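Below: one structure, written as structure tokens.
For this chain, numbers begin at 1 and follow the sequence in order. Model, not experiment: these values are computed from the prediction.
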Amino acid sequence: MKHLKTFTLAALLSFPLSGLAAETSATLYKNPNCGCCAEYAKYLERNGFEVETIDTHDLAKMKAEHDVSEKLQGCHTTLIDNYVFEGHVPVESVTQVLEEKPFIKGLSVPGMPLGSPGMSGEKQGPLEVYTLAFQPTDTPEVYATH
């Protein structure tokens with residue numbers, strides 16, 4: 001019986017503890033002179049993400065590589081798992097996508113809205129998070145409102 005318990009414990013420990021103990025890795029591409037992008041990286045870290053920040057002077061190339069339309073472009077681009085998170089996306093929406101794994105490219109908060117995660121200032125109203133679809137559209141779908 002002791003050997004069975006040892007085997008069962010060893011078998012359980014060999015499975016990944018997705019989300020339970022390990023941090024989720026994120027790669028954030030930003031302009032080297034942008035302070036709000038660094039604040040967004042800290043925001044993600046405070047919420048359990050392990051963030052690698054990559055400074056670049058060619059964010060337009062990164063956005064083009066991930067087919068982020070000009071209308072949905074934010075301040076920085078964050079890659080987590082197979083998703084693109086463009087701009088100051090609230091962590092609640094990020095974690096929802098990572099847990100539910102919808103068939104989307106990612107999420108976007110266009111521009112640099114005051115009071116959004118990582119941005120200073122007072123929030124000016126509801127913060128809309130848009131779906132980054134695989135097929136670009138003139139009317140992006142609202143994924144969530146915060």
Side-chain angles (χ1 to χ4, degrees), residues 7-146:
F7 173 77
T8 303
L9 179 60
L12 287 173
L13 292 176
S14 68
F15 288 102
L17 300 175
S18 59
L20 295 178
E23 290 183 332
T24 302
S25 295
T27 305
L28 186 142
Y29 295 86
K30 70 176 200 64
N31 181 298
N33 301 316
C34 185
C36 71
C37 298
E39 289 303 313
Y40 186 76
K42 290 177 191 174
Y43 165 78
L44 288 177
E45 288 170 344
R46 286 191 305 273
N47 284 282
F49 291 86
E50 184 179 307
V51 182
E52 176 186 9
T53 302
I54 298 177
D55 290 337
T56 179
H57 289 287
D58 200 358
L59 279 171
K61 179 182 175 190
M62 174 60 57
K63 293 169 191 319
E65 283 178 18
H66 293 284
D67 297 319
V68 178
S69 70
E70 194 172 319
K71 185 176 189 175
L72 292 175
Q73 290 183 6
C75 188
H76 49 267
T77 302
T78 306
L79 306 178
I80 305 173
D81 290 345
N82 293 320
Y83 293 101
V84 177
F85 297 96
E86 183 69 17
H88 296 267
V89 179
V91 75
E92 295 86 359
S93 290
V94 173
T95 55
Q96 183 177 357
V97 164
L98 296 176
E99 288 171 3
E100 295 177 1
K101 300 191 183 323
F103 186 69
I104 61 174
K105 190 183 326 178
L107 299 177
S108 170
V109 171
M112 299 170 64
L114 291 176
S116 62
M119 282 293 297
S120 61
E122 189 172 321
K123 192 173 166 184
Q124 302 297 304
L127 180 67
E128 291 191 331
V129 178
Y130 295 94
T131 299
L132 289 174
F134 286 104
Q135 296 300 318
T137 177
D138 289 335
T139 54
E141 180 181 331
V142 174
Y143 179 82
T145 303
H146 296 274

Checklist line | Val129/Thr145 under side-chain contact (heavy atoms from CB on, under 4.5 Å): CA gap, chis, key distance, verdict | finding: CA-CA 6 Å; Val129 178; Thr145 303; over 6 Å; no

Taking all atoms of both residues into account, what is the closest heavy-atom pair of [X] and [Y], and its distance?
X      : Y      : value
Ala41  : Thr53  : CB-OG1, 3.9 Å
Val84  : Leu132 : O-CD1, 3.7 Å
Met112 : Cys75  : CG-CB, 3.7 Å
His76  : Lys30  : CB-CB, 4.2 Å
Lys71  : Pro110 : O-CB, 3.7 Å
Asn33  : Asn31  : N-OD1, 2.7 Å

What distance do [X] atom [atom1] and [Y] atom [atom2] have between them, rounded to the nearest 0.5 Å?
X      : Y      : atom1 : atom2 : answer
Cys34  : Leu59  : SG    : CG    : 9.0 Å
Glu141 : Ile104 : CD    : CD1   : 8.5 Å
Thr95  : Glu100 : OG1   : CD    : 9.0 Å
Asn47  : Thr24  : CG    : OG1   : 11.0 Å
Thr131 : Leu72  : OG1   : CG    : 9.5 Å
Glu86  : Lys105 : CD    : NZ    : 10.5 Å

Next item on the list: With side-chain contact (heavy atoms from CB on, under 4.5 Å) as the test, would you mind laying out the steps for Leu127 and His88 before giving the verdict?
Entry: CA-CA 10 Å; Leu127 180 67; His88 296 267; 6.0 Å; no

Item checked: Lys/Arg N to Asp/Glu carboxylate O, Lys42 vs Glu45, below 4.0 Å -> no

Checklist line | Derivation of the side-chain contact (heavy atoms from CB on, under 4.5 Å) call for Thr78 and Tyr40 | finding: CA-CA 10 Å; Thr78 306; Tyr40 186 76; 4.0 Å; yes

Next item on the list: State whether the number of non-hydrogen atoms from other residues, nucleotides or ligands found under 6.0 Å of Lys61 atom NZ is greater than 12.
Entry: no

Notebook entry, point to check: Is the count of non-hydrogen atoms from other residues, nucleotides or ligands lying under 6.0 Å from Asn82 atom CG greater than 12?
Noted result: no

Notebook entry, point to check: Could you walk me through whether Thr77 and His66 pass the side chain to side chain donor-acceptor pair (under 3.5 Å) check?
Noted result: CA-CA 9 Å; Thr77 302; His66 293 284; over 6 Å; no

Margin query: Test of understanding: with side-chain contact (heavy atoms from CB on, under 4.5 Å), list the residues that count as partners of Ile54, not counting sequence neighbours.
Written below: Thr27, Tyr29, Glu52

Item checked: Residues that Glu122 engages under side-chain contact (heavy atoms from CB on, under 4.5 Å), provided they are two or more places apart -> Gln124

Check: If we only count heavy atoms from C-beta on, is the Pro102 to Tyr83 side-chain gap below 4.5 Å?
Finding: yes

Notebook entry, point to check: Which one of Val109, Val91, Val97 satisfies the side-chain contact (heavy atoms from CB on, under 4.5 Å) criterion with Phe85?
Noted result: Val97

Next item on the list: Take Tyr130 and Glu128 through the side chain to side chain donor-acceptor pair (under 3.5 Å) test and state the conclusion after the steps.
Entry: CA-CA 6 Å; Tyr130 295 94; Glu128 291 191 331; 2.8 Å; yes

Checklist line | Worked verdict on Leu98 versus Phe49 for side-chain contact (heavy atoms from CB on, under 4.5 Å) | finding: CA-CA 12 Å; Leu98 296 176; Phe49 291 86; 3.7 Å; yes

